[in-house]
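Bear in mind that the values here come from a model prediction, so they are computed numbers and not experimental data.
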Amino acid sequence: MGIDSRTVFETMDMLSTSDHASVVAISLFVTLLCACIVIGHLLEENRWMNESITALLIGVGTGVVILLISKGKSSHLMVFSEDLFFIYLLPPIIFNAGFQVKKKQFFRNFMTIILFGALGTLISFIIISLGAIAFFQKMDIGLAIGDYLAIGAIFAATDSVCTLQILSQDETPLLYSLVFGEGVVNDATSVVLFNAVKNFDLSHINTTVALELVGNFFYLFISSTVLGVVTGLLSAYVIKKLYFGRHSTDREVAIMMLMAYLSYMLAELFYLSGILTVFFCGIVMSHYTWHNVTENSRVTTKHTFATLSFVAEIFIFLYVGMDALDIDKWRVVSSSPKKSIYVSATLLGLTLVGRAAFVFPLSFLSNLTKKSPNEKIHFKQQITIWWAGLMRGAVSMALAYNQFTKAGHTQDRGNAIMITSTITVVLFSTVVFGLLTKPLVRFLMPSPKQLHRSISSEPVTPNSMIVPLLGEGQDSVAELFSGNGIAREDGQTVARPSSLRMLLTKPTRTVHYYWRKFDDAFMRPVFGGRGFVPYVPGSPTEQSVRQWQGEAKH
């Protein structure tokens, strides 16, 4: 069978043209990323703007230019793929969140964070889903019951990036840890709910199906957390035993990065929540693995993870801005613009109501368990937490694409309405609510001088990585159980708590105390950690630096 040489040359020419087009598109996109970083830096002190809004607006502006150049055919350089988002962009963001978190504040408020992030998201999911059924069924959009529940999961996913860029871990540790922790757990819960909804036949909902749905949710939540912890401990054990750094710090950094990514992919392989898995893997790695590597590797990994997370966030917002003007999606809904506006407004209203329905009641419940006024969530802080979760971002976009489109395109009118409405809500909430975030937080929160007088001193942010998980730099035994009778190493006695009464009055401190004893006695001797790993020079350069420092002291 002969091969036409002309056909071969035409195919090669087409492939080379396609490759060149990809190179051009990627070059332009990288240029835009650089522009976002530079402009975001110049606007750092601006009262209204932040890098998320800057990237979004640059994306919209670029989309307009591409639309004009292509004469209305396209608005973006690359086609959005939910696989690109969930497999490559989301893992570094979530892992860095767990890796860099101040564990003292996070675990001190762990129950409140879980209350907001898990139970609160579930409440928001129910309210948005029921609201969507009540309003949208009358409009004959053509959605199934599974679509309505998916809408609840999509719009229950918050995006607290704008608020977290304004809040400070040092000035408002309680508020920052609540907003940050709730945001991460919220995203994970939303994705778990979304996957649970997709995996069930919801054409005939009854009590059995509802119980299976709830059971599946808790199974995914717990299994994903356990997998992340196990993977993090495995990385700590391997690096502690083999100590790659005595030969090459590059191997240490590589094994840490690959093990972190492996935790996410294992979760996806077993149909669990990769977000939860990689988040808790990050926490465990920062507590054990990070202390087992050389000093050079510590600095390298910390900044590498932070940089990857930063670039991924800018990439997402830039692309969402360009995709907002995708002419194909808007062309499908152009025949009924009023209906599209009504759907967008309804979703925005349901988001506001669903958020308020759990923030204020759950804050009230949380305050009932707190004795100290500094630990309670005051009304102004509750408003800030409510506002922080009103913005919708990349997770909502990715879930909407997953539910309502194939490869970013759809010709179905109902699906197109939901996609364009999601885009509208994301743009409006990020830009409008995001622009108002700085003035609102400055109005509600006291000035930094007042804050420094009213809160306990916290280690500055660059040193946050050396704060161990409920470790030595945190509450002392006396602070944990003041006035209760436990013998301390210095000979003084601190009264022993009655376990039931102590658990009811100060449950987190009781957990802290027993966790620290277990961690020091069993975990850190096996998996390493601060104070449990002897110093071994990581390289001749590091060894010479140590010798030079020693000579300088003498």
Side-chain angles (χ1 to χ4, degrees), residues 82 119-158 186 189-214 216-217 324 326 328-358 389-390 392 395-406 408-429:
E82 54 268 19
L119 182 59
T121 305
L122 197 59
I123 294 172
S124 180
F125 162 76
I126 292 171
I127 290 177
I128 295 173
S129 298
L130 292 176
I133 293 172
F135 288 105
F136 298 157
Q137 275 190 340
K138 301 175 182 177
M139 299 173 59
D140 191 28
I141 299 179
L143 301 178
I145 185 66
D147 293 327
Y148 292 119
L149 294 179
I151 289 171
I154 289 167
F155 288 94
T158 66
N186 170 281
T189 307
S190 300
V191 175
V192 169
L193 281 170
F194 183 82
N195 291 333
V197 167
K198 290 201 72 172
N199 293 336
F200 276 86
D201 180 16
L202 301 170
S203 55
H204 303 288
I205 294 184
N206 51 40
T207 307
T208 305
V209 173
L211 289 176
E212 286 182 0
L213 192 62
V214 173
N216 189 52
F217 167 76
D326 187 4
D328 292 330
K329 301 183 184 73
W330 291 103
R331 187 182 289 120
V332 178
V333 301
S334 60
S335 58
S336 52
K338 291 184 179 179
K339 184 173 289 189
S340 182
I341 294 173
Y342 176 79
V343 171
S344 302
T346 303
L347 289 172
L348 197 59
L350 290 173
T351 301
L352 294 168
V353 175
R355 181 79 183 164
F358 76 84
L390 293 179
R392 296 295 175 266
V395 174
S396 295
M397 287 289 297
L399 294 179
Y401 275 113
N402 190 293
Q403 179 70 21
F404 297 110
T405 73
K406 299 294 182 185
H409 301 287
T410 180
Q411 295 298 320
D412 183 85
R413 180 170 162 273
N415 289 348
I417 288 176
M418 294 314 306
I419 287 292
T420 53
S421 298
T422 303
I423 291 171
T424 303
V425 171
V426 169
L427 282 176
F428 183 88
S429 62

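The CD atom of Gln403 sits 10.5 Å away from the OG1 atom of Thr422 when rounded to the nearest 0.5 Å.
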Subject >> Residue pair Leu122, Leu193: steps toward the side chain to side chain contact (heavy atoms under 4.5 Å, CB included) verdict >> reply: CA-CA 8 Å; Leu122 197 59; Leu193 281 170; 3.8 Å; yes
Original post:
Going through the checks in order, is the side chain to side chain contact (heavy atoms under 4.5 Å, CB included) test met by Val197 and Tyr148?
Top reply: CA-CA 10 Å; Val197 167; Tyr148 292 119; over 6 Å; no
Original post:
Run the side chain to side chain contact (heavy atoms under 4.5 Å, CB included) check on Leu347 and Phe136 step by step: do they pass?
Top reply: CA-CA 10 Å; Leu347 289 172; Phe136 298 157; 3.8 Å; yes
Subject >> side chain to side chain contact (heavy atoms under 4.5 Å, CB included) evaluation trace for Leu143 with Met418 >> reply: CA-CA 10 Å; Leu143 301 178; Met418 294 314 306; 3.9 Å; yes
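Judged purely by atom type and a 3.5 angstrom limit, Ser124 has no side-chain atom pairing as donor or acceptor with the backbone of Gly120. Using a distance-only test at 3.5 Å, with no hydrogens or angles considered, a donor-acceptor pair links the side chain of Asp147 to the main chain of Ala144. Checking side-chain atoms of Asn195 against main-chain N and O of Val191 turns up a donor-acceptor pair under 3.5 Å.
Closest non-hydrogen pair, Thr158 versus Arg392, comes out as CA-NH1, 3.6 Å. Taking every heavy atom of both residues into account, Ser344 and Thr424 meet most closely at OG-CB, 3.7 Å. When all heavy atoms are compared, the tightest approach of Ala132 to Ile151 is CB-CG2, 4.3 Å. Residues Asn186 and Ala157 share a closest heavy-atom pair of OD1-CA, 3.4 Å. Scanning all heavy atoms of the two residues, the minimum distance from Ser421 to Ser340 falls at OG-O, 3.7 Å. Considering every non-hydrogen atom in both Ile127 and Ala357, the closest pair reads CD1-CB, 3.2 Å.
Remark: Leu348 engages Val425, Phe428, Phe433 in a side-chain contact (heavy atoms from CB on, under 4.5 Å) (not counting sequence neighbours). With sequence neighbours excluded, the residues that form a side-chain contact (heavy atoms from CB on, under 4.5 Å) with Leu119 are Leu115, Ile123, Leu362. Shown here are the side-chain contact (heavy atoms from CB on, under 4.5 Å) partners of Ser129, two or more places apart in sequence or in another chain: Phe125, Leu149.
In this structure, the side chains of Ile154 and Ser396 come closer than 4.5 Å at one or more pairs of heavy atoms. The closest side-chain heavy-atom distance from Val343 to Met139 is below 4.5 Å. For the pair Phe358 and Thr121, the minimum side-chain heavy-atom distance is 4.5 Å or more.
When Ile417, Asn415, Leu399 are each tested for a side chain to side chain contact (heavy atoms under 4.5 Å, CB included) with Phe404, only one passes: Asn415.
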